[in-house]
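Below is one structure, written out as structure tokens, with a few remarks after it.
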Amino acid sequence: MALSNRQIAETIRHMGQLLEILGEESFKVRAYYRAAETILRQEKPLAEKTAAEMSRLPGIGKNIAAKIVELHETGRIREYENLRESIPAGLVELLELDGVGPKTVHKLWKKFGIVNVDELEAAARGHRLRSMRGFGEKKEAEIIRSIAHHRHRSGRMRRDQAEQVIDTVTAVLPPGSYTVAGSFRRGKSTVGDIDIVSVASPFTMNPLLSSVADEVIDEGERRTSIRVGARRVDVRFTDRAHFGSMLMYLTGSKLFNIHLRNIAQEQGCKLNEYGIEHLNTGEPFTFADEEAMFHHLGMDPIPPELREDTGEIECAQQHTLPSLVEPGHIRGDLHVHSTGSDGVLGIRDLARIGEQRGYEYILVTDHSASLGVAGGLDAHAVRRQLHEIEVANRDRGCHLLAGIEVDILGDGRLGLPDSVLQDLDIVVASVHSGLKQEQDIMTRRIISALHNEHVDILGHPTGRLLGRRPAFEVDMARIIEAAAETGTAMEINASPHRLDIDDIHVRQAKEHGVRMAISTDAHRKDDFANMRYGVAIARRGWCGRNDILNTKSLNELLEFIQ
DNA sequence: GCCGTTTTCGGCCCGACTGTTTTCAGTCG
């Protein structure tokens, strides 16, 4: 079977890591990493492209295209095999240690024969590293510390976990003295570390930061880094006159920053976190806010969620940035559970919560009975709930819509018969079982559900649980095509545990004219507030108000669904 | 390795901080 784009990207990335350990120049290494990024973002399988077509993609040239073709035709890349033979496999893991980069890995390997984390730890504890130039007591201690962190670290944080870290840190800071930047501000579904811009002086802030830190990694007048729990928090200090350029710098992404600096260079300027400087005249420009800096560069302000260097900079220059959906546009929730299945809220509770949130409608979507674990609704229970909803709707306020989250069974049939589904306002269909099916079977299974005339929304389309369970194998390009063809909406599940589908697929779906439903999948009251996470993902997927089903009024929604 | 309305060769973002340095390399974001 042809390799997936993800597998190809992993291979190219791994090649970059191996070259880095060998001591290849950084630009060549970066070229591999950049190519891997591009490959990940491709919608169509690269297997269908020729070398010439591939080399038209940004960051992929003749050489890497040839390697991908070789991989398709022979199942391997000769150069990659050679690299793997000459470099011990455990060395790549050493790159993941804080404070250990490619130069250090290379030296450890060549000078001490260290090829994995265990050997490095033994050498550091035995004080054997000190004979190496640039290594002393502190460096050894740092390595022992970062190995400990590495061992009990659990990857990136979910957004709700990131918020906990932010709350811990900002609880001791003066209100108004800080702004959270980084990937958190860009709305990413997971966050590596926390970046904060502070307009208060380091002399006031550093003691406060130390007081909440489990470890002070480094402390300076321009930047301080601390560890809170297992998480790194970086704080940059600035004054209000330079706030815009500092916030822009710290918000990133890295590729976005590099591209922006290239543009500044073309304009004869140097761009950094302190502003823009004209190289000829030496004239400095400072920016108190990001908007002013964008305008200086001749472009429209780019929302943080779009700053990934995937075309937004060109749009900003041509004044064609999309107008993105906002939290205030959301008029209802299209996936919530009640005590009818595994939720804790009664039908009337749902209506009350909807009213409190200012929603026009809430779609009640309990599980269908086929999902034994959740104690779902059978045909009889569906009719009983329909009646209950009807009664609740006699009170004015948030309108409850009758729906279901019906199982997509292993063979693509649904967990309830059409005779039941046809009485419901809106039907969400989701996969909950048989997650290990082979890709083609899973894909056809979902497509067959999309072709059921009663199915309106595909729930959590990849089934991923962030940090716990990967997305199941599915050909998303075919799913998106089928959704477009059948007029089925796709869910952006706003639970911070899911955020499914991800932003890359949202953008692909949007480009095919597929509508998205941003839904919380709420099981209890607090879950309704997760809507904001879903809106951020929609924005990262370039969605405007009209791309989102639940920005419609109740009447528009029902008309659209018919 | 990629890229190019000044370039097919010679560039490739820019700065903070640490440790072990007597002027800087390495790492990080």
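Every chain is numbered from 1 and lettered A, B, ... according to where its sequence line falls, protein lines coming before strand lines. FYI, side chains are in, hydrogens and waters are out, and symmetry mates aren't considered; it's all heavy atoms of this structure.
Taking atom CE of A/M246 as the reference point, atom P of B/dC14 lies 16 Å away to the nearest angstrom. Taking atom CD1 of A/I12 as the reference point, atom P of B/dG1 lies 11 Å away to the nearest angstrom. With rounding to whole Å, A/L19 atom CG is found 10 Å from B/dG1 atom C1'. A/E142 places its CD atom 19 Å from the P atom of B/dA25, with the value rounded to the nearest Å. Remark: C1' of B/dC28 and CG of A/N257 are 14 Å apart, rounded to the nearest angstrom. Taking atom NZ of A/K139 as the reference point, atom P of B/dC17 lies 16 Å away to the nearest angstrom. Here the C1' atom of nucleotide B/dG11 and the CZ atom of A/F27 are 8 Å apart, to the nearest Å.
No engagement by A/L250 is indicated, since no non-hydrogen atom pair under 4.0 Å with the nucleic acid exists. Residue-level contact check: A/L57 touches the backbone only, with heavy atoms under 4.0 Å from sugar-phosphate atoms and none from bases. Among the atoms of the strands shown, only primed sugar atoms or phosphate atoms (P, OP1, OP2) are found under 4.0 Å from some heavy atom of A/R236. Within 4.0 Å (heavy atoms only), A/R130 reaches no atom of the nucleic acid at all. As judged by a 4.0 angstrom heavy-atom cut-off over every strand, A/L97 is placed among residues touching the sugar-phosphate backbone only. At the heavy-atom level, A/N272 lies under 4.0 Å from the strands shown only through sugar-phosphate atoms. Looking at heavy-atom distances under 4.0 Å, A/L271 makes contact with sugar-phosphate atoms alone, never a base. If you check every strand for non-hydrogen atoms under 4.0 Å, A/E24 touches nothing. When heavy atoms are screened at a 4.0 angstrom cut-off, A/E221 is found touching the sugar-phosphate backbone but no base atom. If you check every strand for non-hydrogen atoms under 4.0 Å, A/V100 touches sugar and phosphate atoms only. Among the atoms of the strands shown, base atoms are found under 4.0 Å from some heavy atom of A/E25.
Classified by interplanar angle (parallel below 30°, tilted 30° to 60°, perpendicular above 60°), the ring pair A/H106/A/W109 is perpendicular. Below 30°, between 30° and 60°, or above 60°: for A/F285 and A/H296 the angle between ring planes is between 30° and 60°, a tilted geometry. A perpendicular orientation is assigned to the rings of A/H14 and A/Y80, their planes being inclined by more than 60° (bins at 30° and 60°).
Under 4.0 angstrom from either OP1 or OP2 of B/dA16 there lies at least one side-chain N or O belonging to A/R222. A/N63 has a side-chain polar atom (N or O) that falls below the 4.0 Å cut-off from OP1 or OP2 of B/dC2. For the pair A/Q265 and B/dC14, the criterion of a side-chain N or O lying under 4.0 Å from OP1 or OP2 is met. In this model, the phosphate group of B/dG1 is approached by a side-chain N or O of A/K67 to a distance below 4.0 Å at OP1 or OP2. OP1 or OP2 of B/dG15 lies within a sub-4.0 Å distance of a side-chain N or O belonging to A/K270.
Nearest to the side-chain atoms of A/D195 among the listed nucleotides B/dG1, B/dC17, B/dG29 stands B/dG29. Listed nucleotides B/dT27, B/dC17, B/dA16 differ in distance to A/K103; the shortest reach to its side chain belongs to B/dT27. Nearest to the side chain of A/I64, among B/dC2, B/dT27, B/dG29, sits B/dC2.
Of the residues near DNA chain B, A/G61 and A/T104, the one whose nearest nucleotide (by heavy atom distance) lies more toward the 5' end is A/G61. Taking the nucleotide of DNA chain B with the nearest heavy atom to each of A/V105 and A/N262, the more 5' of the two is matched to A/N262.
Tested against A/R540 for a salt bridge (Lys or Arg N to Asp or Glu O under 4.0 Å), the candidates A/E312, A/E305, A/E308 yield a single pass: A/E308.
B/dC14 sits 24 Å from B/dC9 when the C1' atoms are compared, rounded to a whole Å.
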- [ ] Start with the C-alpha distance between A/N530 and A/T520, add both sets of side-chain angles, then the distance that settles side chain to side chain donor-acceptor pair (under 3.5 Å), and finish with yes or no.
- [x] CA-CA 6 Å; A/N530 294 335; A/T520 62; over 6 Å; no
Open item on the list: Between A/H259 and A/N262, is the side chain to side chain donor-acceptor pair (under 3.5 Å) condition met? List the steps.
Closed with: CA-CA 5 Å; A/H259 193 157; A/N262 282 329; over 6 Å; no
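Of the nucleotides present, B/dC2 is the one that pairs with B/dG11 by Watson-Crick or G-U wobble criteria, both distances under 3.5 Å.
One side chain, A/E163 or A/Y533, offers a donor N or O that lies under 3.5 Å from an acceptor on the other.
For B/dT6, the base is anti relative to its sugar; the glycosidic angle deviates from 0 by more than 90°.
Side-chain to base pairing of A/Y249 with B/dG29: one donor and one acceptor N or O lie within less than 3.5 Å of each other.
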